[in-house]
Amino acid sequence: MVAAAGVSAHLLDVLGVLFTHIVGLAFVTFGGVNSILPALQHQAVTEQHWMTDRDFANFFALASVSPGPNFLMLTLIGFKAAGVAGAVVATFALCGPTSLLALLAVRVWDRYKDAPMRSAIQAGLMPVTVGFVTAASILLVRASDNTLVAYGITAATAAIAFATRLNPLWIFALAAAAGAAGLV
Amino acid sequence: MLPPTTREIFFAFLRITVLAFGNAMSWVHRGLVYDRKWMTEEQFAQTLSLCQSLPGPNITNFAVIAGWRWRGWPGAIAALVALIVPPTILLTILGAFYDRVADIPVVRGAFNGLAAAAAGLFIMICVKSLIVCAKERPVTALATVAISCASIVAGVLSVPLALAILAPPSIALAWLRRPA
């Protein structure tokens with residue numbers, strides 16, 4: 001009884017941390033969820049020890065090749081931290097409260113859509129959030145690539161995706177096959 | 001043209017989420033503007049611009065706003081649920097398998113390859129944003145990118161703190177240089 005109560009109290013603690021932390025990040029998410037990846041990684045790996053850097057990189061990859069928006073790697077982080085309840089809480093925390101805000105904002109939007117201040121806010125936020133995304137890509141490469149071959153795959157994927165319109169799923173399939181064969 | 005029904009909204013976003021790979025927003029554009037003609041190009045661009053100036057994931061903001069404009073609360077809920085719930089269930093199942101198989105050598109190897117490729121795709125998206133910044137305001141925007149990136153990578157600032165410190169001056173600069 002005592003043990004069971006202890007476990008559920010711990011689970012509630014983790015769910016509380018997940019919820020408050022992700023809601024907090026959701027409200028500073030501008031220019032896409034990629035901009036908060038460094039903060040998520042810091043929290044999930046360094047602060048809370050829910051997972052290793054390796055897991056974080058794997059979850060990012062898994063969400064990239066799964067249907068649905070890529071930010072649903074939050075679902076995987078939530079699951080790793082606190083099982084099914086964690087998956088649900090993490091996903092809801094990211095999109096629930098901000099969706100409500102969006103519905104409130106849309107009512108005043110039409111009045112201000114041509115205001116110069118609004119486009120200045122958008123133009124000013126962009127380089128700051130692009131900096132976060134650049135930081136995220138550096139941290140992600142650090143977490144993902146441990147061998148020269150892995151760095152090569154990263155560079156080749158970036159180059160091919162930039163220069164061609166090839167469906168990236170093909171590259172993912174090749175890279176996974178090479179890895180499964182023990183080459184990476 | 002009559003706005004789509006709640007059921008139509010649900011199935012449109014369900015299709016988008018099943019197909020969505022890489023940049024999900026391009027699938028929203030294709031599904032709503034190009035295939036179904038529920039929005040004009042201009043309505044799409046304006047709604048996207050609103051979503052980009054609001055906090056939260058752009059695509060969920062887009063879904064609730066579009067759904068709400070067509071059918072009020074039921075439309076907003078239908079769009080959000082169709083977009084989020086099915087992939088959340090799928091990823092929860094994948095998450096449950098992950099811990100059991102992650103240490104098998106073949107799986108671990110496959111993830112090494114997959115993660116490297118996913119990081120590469122992410123770099124490409126990042127480079128595209130950098131090019132947009134460089135075109136708009138080469139000096140100030142790229143300097144801001146560099147400061148914001150370095151402060152995060154070095155661990156000097158957290159994301160919320162960096163946003164609070166760097167966004168106001170960056171917005172002020174953009175305001176001073178606004179087109180007349």
Side-chain angles (χ1 to χ4, degrees), chain A residues 26-29 32-33 36 38-39 57-58 60-61 64 67-69 71-72 75-76 79 87 91 95 98-99 102-103 105-106 109 116 120-125 127-128 130-135 137-138 140-141 144-145 150 153-154 157-158 161-162 168 171-172 175-176 178-180 182 184, chain B residues 17-18 20 22 24 50 52-61 64-65 68 76 80 84 87-88 90-92 94-95 106 109-124 126-127 129-130 133 141 144-145 148-149 152-153 158-160 163 166-167 170-171 173-175 178:
Chain A
F27 280 98
V28 295
T29 298
V33 177
I36 59 162
N58 288 352
F60 180 81
S64 299
F71 67 73
L72 290 175
T75 310
L76 291 165
F79 186 91
T91 311
C95 27
T98 47
S99 291
L103 287 180
V106 73
W109 158 258
I121 290 174
Q122 214 174 325
L125 279 175
V128 180
V130 170
F132 296 163
V133 176
T134 312
S137 68
I138 293 169
L140 199 61
V141 168
S144 304
D145 297 350
I153 290 176
T154 300
T157 307
F162 192 78
I171 310 177
F172 282 140
V184 182
Chain B
T17 206
V18 169
L50 166 61
Q52 285 167 340
S53 30
L54 288 171
N58 291 335
I59 192 166
T60 54
N61 284 344
V64 293
I65 289 171
W68 185 80
L80 187 63
I84 297 302
T88 300
L90 175 71
L91 283 169
T92 305
L94 289 177
V106 173
F111 265 117
N112 285 345
L114 205 57
L121 194 66
F122 191 83
I123 289 177
M124 189 275 290
C126 179
V127 167
S129 318
L130 286 171
C133 279
T144 311
V145 169
S148 129
C149 173
I152 298 295
V153 173
S158 65
V159 165
L163 192 72
L166 298 174
S170 179
I171 290 168
L173 273 175
W175 169 257
R178 70 188 181 278

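Residue numbers start from 1 in every chain, and the chains themselves are labelled A, B, ... in the order their sequence lines are given, proteins ahead of strands. Bear in mind that the values here come from a model prediction, so they are computed numbers and not experimental data.
The side-chain contact (heavy atoms from CB on, under 4.5 Å) check on B/S158 picks up B/P160, B/L161, with sequence neighbours excluded. Shown here are the side-chain contact (heavy atoms from CB on, under 4.5 Å) partners of A/S144, two or more places apart in sequence or in another chain: A/A57, A/L140, B/A115, B/A119.
Of the listed residues (B/N61, B/N112, B/V106), the one with the most heavy-atom contacts under 4.5 Å to chain A is B/N112. Residue with the most contacts toward chain A among B/T88, B/L80, B/I152, B/V127: B/T88 (heavy-atom pairs, distance under 4.5 Å). Annotation: maximal heavy-atom pairing with chain B below 4.5 Å, among A/L72, A/V33, A/T91, occurs at A/L72. Listed options B/N58, B/L173, B/T92, B/I59 were ranked by heavy-atom pairs under 4.5 angstrom with chain A; first place goes to B/T92. With respect to chain A, the highest number of heavy-atom pairs below 4.5 Å among B/A141, B/S129, B/A117, B/G95 belongs to B/A117. Each of A/D145, A/T75, A/V128 has some count of heavy-atom pairs under 4.5 Å with chain B, and the biggest count is that of A/V128. No other option in A/P127, A/P38, A/G32 has as many heavy-atom pairs under 4.5 Å with chain B as A/P127. Ranked by non-hydrogen atom pairs under 4.5 Å with chain B, the options A/F71, A/F132, A/F27 are led by A/F132. Comparing B/A76, B/G56, B/C133, B/A174 by how many heavy-atom pairs each has under 4.5 Å with chain A, the most go to B/G56. The choice from A/P116, A/G124, A/A39 that makes the most heavy-atom pairs within less than 4.5 Å of chain B is A/G124. Of the listed residues B/P87, B/A167, B/A116, the one with more heavy-atom pairs under 4.5 angstrom with chain A than any other is B/A116. Interface check for chain B: of the options A/T157, A/V184, A/I171, the most heavy-atom pairs under 4.5 Å are formed by A/T157.
In this structure, the separation between CG on A/N58 and CZ on B/F111 is 5.0 Å, given to the nearest 0.5 Å. From A/T29, atom OG1 reaches atom CG of B/L54 across 12.0 Å, with rounding to the nearest 0.5 Å. Residue B/I84 holds its CD1 atom at 6.5 Å from OG1 of B/T17, rounded to the nearest 0.5 Å. The line from OG1 of A/T134 to CD1 of B/I123 is 10.5 Å long, rounded to the nearest 0.5 Å.
In this structure, chain B has heavy atoms under 4.5 Å from both the backbone and the side chain of A/T98. If you measure heavy-atom distances from B/L90 to chain A, the contacts under 4.5 Å come from the side chain alone. When heavy atoms are compared at a cutoff of 4.5 Å, A/I138 approaches chain B solely by way of its side chain, counted from C-beta outward. Residue A/A123 touches chain B through both its backbone and its side chain, counting heavy-atom pairs closer than 4.5 Å. Both the backbone and the side chain of A/I121 come within less than 4.5 Å of a heavy atom of chain B. If you measure heavy-atom distances from B/V18 to chain A, the contacts under 4.5 Å come from the backbone alone.
In this structure, B/T144 and A/V130 have side chains that are not in contact, with every pair of non-hydrogen atoms separated by 4.5 Å or more. Side-chain contact check for A/S64 versus B/L121: every heavy-atom pair is 4.5 Å or farther apart.
Between A/L76 and B/L91 the shortest heavy-atom distance is CD2-O, 3.3 Å.
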